[in-house]
Amino acid sequence: MTRTKIVFVGAGSVVFTQGLLADLFAFPELKDAHIALHDIDPERLATAQGAARLIADDRGASPRITAHADRREALAGAHFVINIIQVGMREATRTDFDVPAGYGLRQTIGDTLGIGGIFRALRTFPVLRALGADIAELCPDAWLLNYTNPMAMNVGYLRRATGLTRVVGLCHSVYWTMQGLAELVGVPYEEVDYLAAGVNHQAWVLRFEHAGADLYPKLDALIARDEQLRRRVRVDMYRRLGYYPTETSEHSSEYVPWYLGHDSEISRLRLPVGAYLDIVDENVAAYESTRAALAAGQPVPVESTMEYAPQIIHSITTGTPRTVYGNVPNQGLIDNLPAEGVVEVPCLVDRLGVQPTRVGALPPQLAALNRTYLSVNDLVVRAALEDDPRHIRHAAMIDPATAAALPVERIWDLCDDLVRAHGNLLQPALRTTLGH
């Protein structure tokens with residue numbers, strides 16, 4: 001019987017790779033899978049391979065584990081491809097924060113929308129195009145499971161630039177939001193019924209129920225009693241918009257024009273400007289710790305992550321039905337959002353693959369915010385597809401947080417500076433500086 005072949009592209013993101021492998025090996029049917037690891041950094045690739053072997057031994061699994069500097073070699077004959085690349089790594093991320101900070105533009109995470117999300121996408125797209133071409137040639141029936149941010153831009157670009165259709169973007173924000181809400185209202189997560197929909201990192205909890213009863217009134221009562229809860233962006237948004245957002249306050253603050261441009265709001269809502277730089281440093285430290293443990297022959301403790309990719313792989317492989325949240329082209333799933341936009345909706349998964357659920361129309365205030373988000377996405381994708389550097393500036397002009405912080409001439413200057421700073425990571429036609 002043919003082993004299920006699962007390729008990790010960007011496997012040198014060792015900590016995330018470890019969590020996914022722990023989840024995969026928890027399924028008896030996947031304990032003998034072929035795990036093909038690819039990374040362009042030889043040291044990180046070797047570390048990922050060593051960690052994978054330890055995790056397999058610890059979980060009583062007997063997979064075939066291979067490491068590949070050559071991506072095409074890794075992809076040949078794959079059934080599933082998990083994309084976890086980060087183009088430019090820590091240095092590029094720091095550029096995304098430091099250059100805008102010189103203009104007085106504040107960011108917290110910078111990986112989804114805003115000026116940071118725009119340039120993170122632009123330096124990722126060339127790699128995605130090459131990856132898509134390789135998949136189309138070497139494993140055309142494989143499912144591409146994308147974790148790389150900016151999620152919606154990357155999935156949209158993959159679909160429009162490569163023609164691949166078996167592409168779904170995966171994010172844990174809905175799952176962990178509902179875990180947190182269940183704990184907050186004192187109801188076991190397993191007993192909560194919920195429906196969320198929107199766009200990645202800006203989806204909305206449309207239904208939140210227990211035994212047929214709406215749990216939102218219970219949440220309202222808790223918020224009314226707790227001043228500290230009210231000092232969070234996502235709670236502030238919920239109180240004003242009527243539906244709870246499915247991402248953290250740090251993320252949520254960047255996708256709207258209301259918070260990061262005001263000192264008073266940063267203080268009131270306890271926003272950690274530049275928070276992602278600390279997360280990047282923590283990830284590097286975790287990688288170094290793993291590498292040192294492997295070199296010393298010490299165990300590498302790994303916890304299960306409850307990520308969607310292992311669940312999807314298990315469901316498609318075995319026919320076990322599950323519902324997960326996926327990021328896919330809209331195409332009528334949400335009536336009042338653009339058809340080409342990438343939306344986050346519940347998806348049935350079984351042997352037939354990932355099958356998105358039609359949600360209908362969002363409440364108008366939610367759709368209005370999501371449409372702005374998708375407008376930025378569309379312009380960034382078009383910049384790459386059409387080799388049009390003006391669309392980079394158009395996207396930044398439309399972006400809510402950027403437009404709230406800077407006049408238009410400064411937005412164009414900022415884009416020029418970031419184009420210069422990222423240099424060869426961008427496709428050639430987009431390296432042009434435009435001035436005013």
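Throughout, residue positions are numbered sequentially from 1 according to the sequence presented.
- A donor-acceptor pair under 3.5 Å is absent between the side-chain atoms of Lys218 and the main chain of Gly186, judged by distance alone.
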Evaluate side chain to side chain contact (heavy atoms under 4.5 Å, CB included) for Gln355 paired with Asp350, printing each intermediate quantity in order.
CA-CA 8 Å; Gln355 303 155 67; Asp350 58 20; 2.8 Å; yes
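- To the nearest 0.5 Å, atoms CG (Leu366) and CZ (Arg371) are separated by 10.5 Å.
- Here Tyr244 and Phe208 keep their ring centres 6.0 angstrom or further from each other.
- Residues Arg94 and Phe97 form no side-chain contact, since every pair of their non-hydrogen atoms from C-beta on lies 4.5 Å or further apart.
- A salt bridge does not link Glu265 to Arg270: none of the charged side-chain nitrogens sits closer than 4.0 Å to a carboxylate oxygen.
- Below 30°, between 30° and 60°, or above 60°: for Tyr194 and Tyr325 the angle between ring planes is below 30°, a parallel geometry.
- Between the CG atom in Asn330 and the CG atom in Asp335 there is a gap of 8.0 Å [rounded to 0.5 Å].
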Derivation of the side chain to side chain contact (heavy atoms under 4.5 Å, CB included) call for Leu337 and Leu362:
CA-CA 8 Å; Leu337 294 183; Leu362 293 178; 4.1 Å; yes
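- Between Ile65 and Gln49, some side-chain heavy-atom pair lies under the 4.5 Å cut-off.
- A salt bridge does not link Glu227 with Arg230: every distance from a Lys NZ or Arg NE/NH1/NH2 to an Asp or Glu carboxylate oxygen is 4.0 Å or more.
- With hydrogens and angles disregarded, a donor-acceptor distance shorter than 3.5 Å links the side chain of Gln427 to the backbone of Ala384.
- For the atom pair Ile223 CD1 and Leu229 CG, the distance stands at 6.0 Å (nearest 0.5 Å).
- Contact check for Thr162 versus Leu128: no side-chain heavy atoms found under the 4.5 Å cut-off.
- Side-chain atoms of His314 and Arg322 form a donor-acceptor pair, as typed in the model, at a separation below 3.5 Å.
- The backbone N or O of Val233 lies less than 3.5 Å from a partner atom in the side chain of Ser249, making a donor-acceptor pair.
- Remark: side-chain polar atoms of Ser315 are not paired, donor with acceptor, to backbone N or O of Ile312 under 3.5 angstrom.
- Each of Asp111, Asn200, Thr112 was checked for a side chain to side chain contact (heavy atoms under 4.5 Å, CB included) with Met151, and the lone residue meeting it is Asn200.
- Classified by interplanar angle (parallel below 30°, tilted 30° to 60°, perpendicular above 60°), the ring pair Tyr373/Tyr255 is perpendicular.
- The CG atom of Asp134 sits 9.0 Å away from the NE2 atom of His38 when rounded to the nearest 0.5 Å.
- Side-chain atoms of Arg159 come within 3.5 Å of backbone atoms of Leu164 as a donor-acceptor pair (strictly under, hydrogens ignored).
- Looking at Asp32 and Arg3, no side-chain N of the basic residue comes within less than 4.0 Å of a carboxylate O on the acidic one, giving no salt bridge.
- A salt bridge between Arg160 and Asp378 is present, with a side-chain N of the basic residue lying under 4.0 Å from a carboxylate O of the acidic one.
- Counting heavy atoms from C-beta outward, Ile266 and Arg106 have side chains that approach closer than 4.5 Å.
- Listed by chain and number, the residues in a ring pair (Phe, Tyr, Trp, His ring centres under 6.0 Å) with His210 amount to none (sequence neighbours excluded).
- Shortest non-hydrogen contact noted between Pro245 and Ser252 is CB-OG, 4.4 Å.
- Residue Asp387 comes nearest to Leu430 through the heavy atom pair C-CD2, 4.0 Å, listed as atom of the first residue, atom of the second, then distance.
- Put simply, the side chain of Ser253 never gets that close to the backbone of Leu260: no donor and acceptor are under 3.5 Å apart.
- Other residues, nucleotides and ligands place more than 12 heavy atoms under 6.0 Å from the CZ atom of Arg231.
- A donor-acceptor contact shorter than 3.5 Å is absent between the side chain of Thr246 and the backbone of Thr177.
- Surrounding CG of Leu138 are more than 12 heavy atoms belonging to other residues, nucleotides or ligands, all under 6.0 Å away.
- In summary, the aromatic rings of Tyr175 and Tyr189 are positioned with their centroids under 6.0 Å apart.
- Environment of CD in Glu183: sparse, with no more than 12 heavy atoms of neighbouring residues, nucleotides or ligands closer than 6.0 Å.
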Walk me through whether Asn377 and Leu113 qualify under side chain to side chain contact (heavy atoms under 4.5 Å, CB included).
CA-CA 8 Å; Asn377 287 6; Leu113 213 62; 3.6 Å; yes
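- Scanning both residues, Ala74 and Val7, for their nearest heavy atoms gives O-CG2, 3.3 Å.
- At a threshold of 4.5 Å between non-hydrogen side-chain atoms, the residues Tyr243 and Val205 do not count as touching.
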Intermediate values then yes/no, side chain to side chain donor-acceptor pair (under 3.5 Å), Tyr259 and Arg268
CA-CA 10 Å; Tyr259 301 115; Arg268 177 175 76 92; 5.5 Å; no
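- Atom CG of Asn154 and atom CG of Asn149 lie 7.5 Å apart (nearest 0.5 Å).
- Distance alone, capped at 3.5 Å, places no donor-acceptor pair between the Glu250 side chain and the Ile109 backbone.
- With rounding to the nearest 0.5 angstrom, the CD atom of Glu307 is 11.5 Å from the CD1 atom of Ile313.
- The shortest distance between side-chain heavy atoms of Thr402 and Ile118 does not fall below 4.5 Å.
- Looking at every heavy atom in both residues, Pro217 comes nearest to Asp214 through CD-O, 3.4 Å.
- Aromatic pair Tyr216/Tyr238: centroids less than 6.0 angstrom apart.
- A perpendicular orientation is assigned to the rings of Phe16 and Tyr147, their planes being inclined by more than 60° (bins at 30° and 60°).
- When all heavy atoms are compared, the tightest approach of Asp236 to Leu269 is CB-CD2, 4.4 Å.
- Annotation: side chain of Leu30 is not in contact with side chain of Pro63 (no heavy-atom distance under 4.5 Å).
- Looking only at distances, a side-chain donor or acceptor of Trp204 sits under 3.5 Å from a matching main-chain atom of Gln202.
- Under the side chain to side chain contact (heavy atoms under 4.5 Å, CB included) rule, Ile85 has a single partner from Asp39, Val127, Ile40, which is Val127.
- Residue Leu222 comes nearest to Leu184 through the heavy atom pair CD1-O, 3.2 Å, listed as atom of the first residue, atom of the second, then distance.
- The 12-atom threshold is not exceeded at CZ of Arg207, counting heavy atoms of other residues, nucleotides or ligands nearer than 6.0 Å.
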Residue pair Lys5, Cys139: steps toward the side chain to side chain contact (heavy atoms under 4.5 Å, CB included) verdict:
CA-CA 10 Å; Lys5 184 174 182 181; Cys139 50; over 6 Å; no
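- Side-chain contact annotation: Gln86 with Thr93, donor-acceptor N/O pair under 3.5 Å present.
- The shortest side-chain heavy-atom distance between Arg393 and Ile411 does not fall under the 4.5 Å cut-off.
- At a threshold of 4.0 Å, the pair Arg72-Glu137 counts as salt-bridged, since one of the basic side-chain nitrogens sits closer than that to a carboxylate oxygen.
- Checked by atom type and distance alone, the side chain of Gln107 pairs as donor or acceptor with a backbone atom of Asp96 at under 3.5 Å.
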